[in-house]
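Ligands are counted one by one from 1 in listed order, and the atoms in each one are counted from 1 as well. Computed from a predicted structure; not experimentally measured. The basis for the numbers below is simple: all heavy atoms, side chains too, and nothing from hydrogens, waters or symmetry mates.
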Amino acid sequence: MYQIYPRSYADLDGDGIGDLPGITARLDHLVELGADAVWLSPFYPSPQADAGYDVADYRDVDPLFGQLADADALIGEAHSRGLRVIVDLVPNHTSSAHPWFGAALAAAPGSAERQRYIFRDGRGTSGEEPPNDWQSVFGGPAWTRTKDVDGQPGQWYLHLFDPGQPDLNWDRPEVRAEFLDILRFWLDRGVDGFRVDVAHGLIKQADFADWSYPLEPMFGEGTEGPRPPMWDQDGVHDIYRDWRQVVDSYPGERILVAEAWVQPAERLAAYVRPDEMHQAFNFEYLEAPWTAPAQYAVITRSLEATAAVGAPTTWVLSNHDVIRHATRLALPVGQTRPNGIGADDPQPDAVLGLRRARAATLLMLALPGSAYLFQGEELGLPEHTTMPDEARQDPTWERSGHVHKGRDGCRVPIPWESDAPSYGFGPTDRSWLPQPSLYAEYALDLQRGVAGSTYELYRTALRLRRELALGRGTVYWLTSPDDVIHFQNGNLSVLTNFGPTSFPLPEGATVLQSSEPLTPDNHVPTDVTVWFHP
Ligand code: NOJ
């Protein structure tokens with residue numbers, strides 16, 4: 001499954017922001033790469049307070065990205081190439097520019113319009129304090145005070161993310177009905193399913209109790225302690241049971257994928273019980289340190305947890321919310337993942353990062369289940385770690401008081417041609433986030449057909465993954481030293497060496513692919529994964 005971030009994939013009209021016709025024009029890339037399906041991040045009408053995760057109209061396309069007809073064309077062209085298409089659904093919150101929110105502000109406290117969202121009176125003598133102490137994921141309070149129609153300070157509304165993203169009240173039948181209808185709208189247009197944004201956030205604990213811990217569902221939240229009152233409440237599961245019925249009523253295979261930052265794996269597995277969603281992103285895997293024991297443990301736990309509910313496991317190393325893994329894996333092992341890297345931070349070793357990223361990818365693509373790739377990782381693309389602060393657009397940067405750099409560094413438009421304006425992203429030099437000059441070295445045209453390039457590594461891995469049916473296989477662990485992991489999937493053997501010294505391949509092994517060359521005497525060097533037939 002290949003994630004396209006529409007802003008940054010391909011810009012056909014040259015305004016510096018990627019668009020749907022750009023994606024359609026570059027669909028053949030996905031076929032050549034060997035992807036089965038595409039997930040499109042939001043392209044709906046939006047003020048873009050959070051790069052489109054603030055939706056003002058769930059049934060249309062933002063003019064930035066094209067028109068509804070362009071979405072239809074994209075879906076049709078993808079299908080004609082055998083690619084499935086899933087779209088992003090954002091049900092936890094709307095944009096503050098959504099007509100419902102405008103109506104809520106114009107209506108009186110307690111009105112039906114207000115009850116579609118989460119409005120509360122403030123605390124303190126004149127309601128000047130927020131209703132509770134919850135913090136926004138992007139920093140600052142999770143509540144914003146409104147003004148009444150007479151201009152006087154009024155109630156507060158909840159936004160777990162940006163103030164431009166008011167949380168919906170999923171206790172209201174009207175909200176539930178609306179989203180069932182939105183599902184049908186896109187299913188009728190032929191989409192193969194939905195990636196469900198913040199799937200663990202829709203229901204809040206009824207008492208809205210204070211929560212004195214940090215609110216960091218996307219940035220490496222720990223597994224210890226009580227469950228936060230805003231995440232992973234049991235009530236969310238009823239919603240997905242209803243959705244499953246709608247999805248199942250359509251012909252063909254249509255799926256729901258949960259973006260749920262939920263740990264441990266057993267609680268995440270609840271989202272993919274037989275009558276709920278089909279898959280859930282495995283962020284515990286993404287967060288796992290680059291050591292053999294940690295990788296072994298997370299793979300085992302993930303496989304067991306999903307097997308218990310009969311669902312496929314998923315794997316993901318990069319997306320539009322985290323530091324690209326070609327950079328992240330060069331950070332000190334065991335360090336909590338930072339939310340962005342800037343020019344004033346220590347700069348990770350790009351060579352080490354890419355070496356580990358290639359090994360991690362080859363390990364991931366040998367595992368049974370679904371693997372999610374993020375655009376550009378097939379080029380070995382690093383994070384933009386020296387972006388000028390003035391260029392940053394992620395609300396995290398401002399809302400955290402410039403403490404967290406935010407997610408812009410992984411969202412930079414990707415390079416297609418090394419010697420073209422915007423590295424082939426579009427016909428002009430324009431690019432909504434600045435591209436670092438080193439992206440020229442990673443451009444697709446320098447890697448296509450080049451033996452040993454990261455792009456050809458991905459292509460070969462995806463071809464073999466399909467031919468050997470690895471996605472439907474089983475992991476059978478083989479004994480190995482503490483800093484090596486070694487397993488069998490079907491008749492493929494997979495070995496990753498995390499240790500400081502090279503490790504000998506078994507006698508008579510036939511190598512299919514390795515993330516870096518082996519030594520002349522067939523040893524697997526440090527930070528290398530090899531696929532072989534024993
Ligand atoms: C998760 C999305 O992946 C992220 O980009 C967004 O900021 C939040 N949800 C809020 O919608």
Side-chain angles (χ1 to χ4, degrees), residues 1 3-8 39-56 58 62 86-98 101 117-118 134-140 142 158-168 170 179 182 194-202 204 215-221 230-232 236 256-262 268 271 279-283 286-287 314 316-324 337 339-340 372-375 383 392-400 404-412 432-433:
M1 179 82 78
Q3 180 190 357
I4 289 185
Y5 196 64
R7 293 179 149 262
S8 301
W39 147 36
L40 299 166
S41 280
F43 48 73
Y44 315 108
S46 160
Q48 309 289 326
D50 181 23
Y53 282 93
D54 47 323
V55 180
Y58 289 84
D62 194 291
I86 71 169
V87 293
D88 221 307
L89 186 72
V90 188
N92 180 67
H93 41 263
T94 67
S95 162
S96 53
H98 190 285
F101 194 68
Y117 294 92
I118 302 176
W134 295 3
Q135 296 293 299
S136 142
V137 173
F138 298 151
L158 178 72
H159 51 86
L160 292 179
F161 296 89
D162 190 74
Q165 294 168 297
D167 280 52
L168 284 164
W170 276 86
F179 275 85
I182 294 166
F194 303 88
R195 174 265 190 193
V196 180
D197 190 62
V198 201
H200 57 315
L202 276 51
K204 280 75 179 174
L215 182 61
E216 296 182 350
M218 292 197 289
F219 308 116
E221 191 174 38
M230 69 295 284
W231 304 130
D232 194 28
V236 294
L256 297 166
V257 183
E259 188 231 12
W261 293 81
V262 169
L268 181 63
Y271 288 76
Q279 301 187 356
F281 294 127
N282 185 353
F283 294 124
L286 184 150
E287 305 278 8
T314 68
V316 59
L317 290 166
S318 282
N319 66 29
H320 66 292
D321 289 328
V322 302
I323 294 173
R324 284 180 173 277
R337 174 169 54 81
N339 183 358
Y372 283 77
L373 308 180
F374 177 48
Q375 64 180 35
E383 184 88 355
R392 297 191 186 285
Q393 308 233 358
D394 181 353
T396 306
W397 170 241
E398 289 302 334
R399 286 193 59 83
S400 72
H404 297 298
K405 301 290 186 311
R407 302 161 292 173
D408 294 307
C410 64
R411 299 176 172 180
V412 174
W432 70 281
L433 286 173

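- Taking every non-hydrogen atom of Arg407 and a distance limit under 4.0 Å, the qualifying atoms of ligand 1 come out as 4 (C), 5 (O), 6 (C), 7 (O).
- Close contacts of ligand 1 with His93, meaning ligand atoms under 4.0 Å from a residue heavy atom, involve 10 (C), 11 (O).
- Classification of Arg407 and Asp50 as a salt-bridged pair holds, one side-chain N sitting under 4.0 Å from a carboxylate O.
- The closest approach between a heavy atom of His159 and any atom of ligand 1 is not below 4.0 Å.
- Applying the side-chain hydrogen bond (donor to acceptor under 3.5 Å, both in side chains) test between Tyr372 and each of Arg195, Gln3, Gln279 identifies Gln279 as the sole match.
- Assignment of Arg411 to the shell around ligand 1 is supported, since a heavy atom sits closer than 4.0 Å.
- When non-hydrogen atoms are compared, ligand 1 lies under 4.0 Å from neither the backbone nor the side chain of Tyr5.
- Classification of the His98-Tyr58 ring pair by plane angle, with boundaries at 30° and 60°, yields tilted.
- With salt bridges taken as basic N to acidic carboxylate O contacts below 4.0 Å, none links Arg399 and Asp394.
- A distance below 6.0 Å separates the ring centres of Tyr53 and His320.
- Less than 4.0 angstrom separates some heavy atom of Val198 from each of these atoms of ligand 1: 9 (N).
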